[in-house]
Amino acid sequence: MEHIGISVIVPIYNTKPYLKECVDSILKQEVEVPFEVLLVDDGGQQAFAHIFDECRALGAEFAAKDKRVRVFHQENQGLSAARNTGIDAARGRYYAFVDSDDVVCPGYLHTLYAACEKNDAYMALCSVEDVQENGKSCDPASYTRPNAEGVFCGKDLLNEFYTPNGTVYTVAWNKLYRAEVWKLLHYPEGRLHEDDFVAHRLFWRCDKVVCVDKVLYHYRLRGGSICRTNTKPEAFDAVDGLADRYRFYVENGADRAVIDAAYAACWRRYLFLCAKVRQNPTPQLVKAISKEQFLMQGLISYLPNCRQMKMTEKLSAARWAMMSAESLCPIKK
């Protein structure tokens with residue numbers, strides 16, 4: 001069996017107009033080790049239509065055209081489950097994740113692979129350009145870059161999660177990971193904002209992370225994407241993920257500054273979502289706040305000690321944790 005250096009995992013669901021460009025950008029990569037592309041069709045039958053005459057059966061033909069491609073079909077279970085299917089099937093020494101509506105630039109795999117190998121690192125990450133739905137650059141161009149270039153201990157980058165460029169560190173898809181970093185680690189299935197549950201664990205495990213200030217990934221801004229749709233009850237999954245991150249830091253003895261940053265980020269996301277619900281409350285959203293209040297009440301004991309929250313934030317946090325959601329978000333009749 002051929003040695004596989006890199007496994008590129010591409011979850012697919014309802015991205016028919018963009019899939020061919022995405023996969024082509026991966027297959028055109030020139031890197032010094034063999035790589036495979038794992039296409040995980042998460043119940044999105046039409047995802048393959050743009051390439052092979054709107055017929056799911058031709059997914060097998062897609063793989064037949066390039067031996068590096070393997071296709072997996074499963075009933076719709078969400079992004080986390082699709083990524084987990086790829087992780088379980090991957091054979092590479094390194095893993096990469098690419099969203100099926102995005103495009104990787106020439107040199108994406110080569111640059112990140114060389115950075116890991118040169119520095120014996122467990123992760124490498126790159127800069128990202130946001131592009132319009134048609135794939136063209138924004139006007140003005142929009143870039144997200146690591147706050148510093150170089151080799152770092154993963155634990156020393158945890159506070160970067162909360163900076164304006166934090167997405168460079170927390171998302172799955174602008175990185176190359178050593179496979180062993182994922183040992184016994186998967187994405188939480190059935191939850192949105194899955195990266196919030198996982199990113200801190202990955203960085204915690206990495207003695208060395210290489211930050212490369214080169215734009216190697218194009219992130220497509222789409223009106224219908226998960227992160228750009230109206231508030232739904234599932235949006236509170238992000239609060240759960242940030243709460244998990246805070247508890248993880250406490251349980252593993254992280255620095256006080258990291259703990260405080262994680263705690264403040266959790267409350268701020270919760271308060272932000274509560275404010276959005278209050279603008280247009282529905283029974284489902286008010287119920288979601290009520291459910292989330294049980295979680296926030298369990299965190300409230302640390303509220304007086306957090307150094308990264310203003311007193312006004314702490315008072316608002318206490319109010320939105322302890323008062324009934326129905327009284328805070330009255331539904332107009």
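All values below were derived from every heavy atom in this structure, side-chain atoms included, with hydrogens, water molecules and symmetry-related copies excluded. All residue numbers in this chain count up from 1 along the given sequence.
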Is it true that the side chains of T144 and N165 contain a donor and an acceptor less than 3.5 Å apart?
-> no
Could you tell me if the ring centre of F35 sits under 6.0 Å from that of Y113?
-> no
Can a salt bridge be assigned to the pair R91 and E36 using a cut-off of 4.0 Å between side-chain N and carboxylate O?
-> yes
Smallest separation among heavy atoms of K208 and A121, with atom names = O-CB, 3.5 Å
Verify whether the ring centers belonging to Y302 and W267 lie closer than 6.0 Å.
-> no
Out of curiosity, I300 CD1 to M322 CE, how far, rounded to the nearest 0.5 Å?
-> 5.5 Å
Does the cation-pi check pass for R145 over Y143, that is, NZ or CZ under 6.0 Å from the six-membered ring centre and within 45° of its axis?
-> yes
Indicate, with yes or no, if the rings of W320 and Y270 have centres closer together than 6.0 Å.
-> no
Do D260 and R256 sit within salt-bridge range, that is, some charged N less than 4.0 Å from a carboxylate O?
-> yes
Charged N-O contact under 4.0 Å between E194 and R83 = yes
Run the salt-bridge test on E117 and R178 with the 4.0 Å N-O cut-off and return the result as yes or no.
-> no
Quick one: do K232 and D237 satisfy salt bridge (Lys or Arg N to Asp or Glu O under 4.0 Å)? Show the steps, please.
-> CA-CA 10 Å; K232 297 178 181 178; D237 285 351; over 6 Å; no
Would you please say whether a donor-acceptor pair under 3.5 Å links the side chains of H218 and D102?
-> no
So if you build clusters from Ile, Leu, Val, Met, Phe, Trp, Tyr with side-chain heavy-atom gaps below 4.5 Å, do L202 and L242 land together?
-> no
Determine whether L295 and D240 make a side-chain contact, defined as any pair of heavy atoms from C-beta on separated by less than 4.5 Å.
-> yes
Are the aromatic ring centres of Y95 and Y177 under 6.0 angstrom apart?
-> no
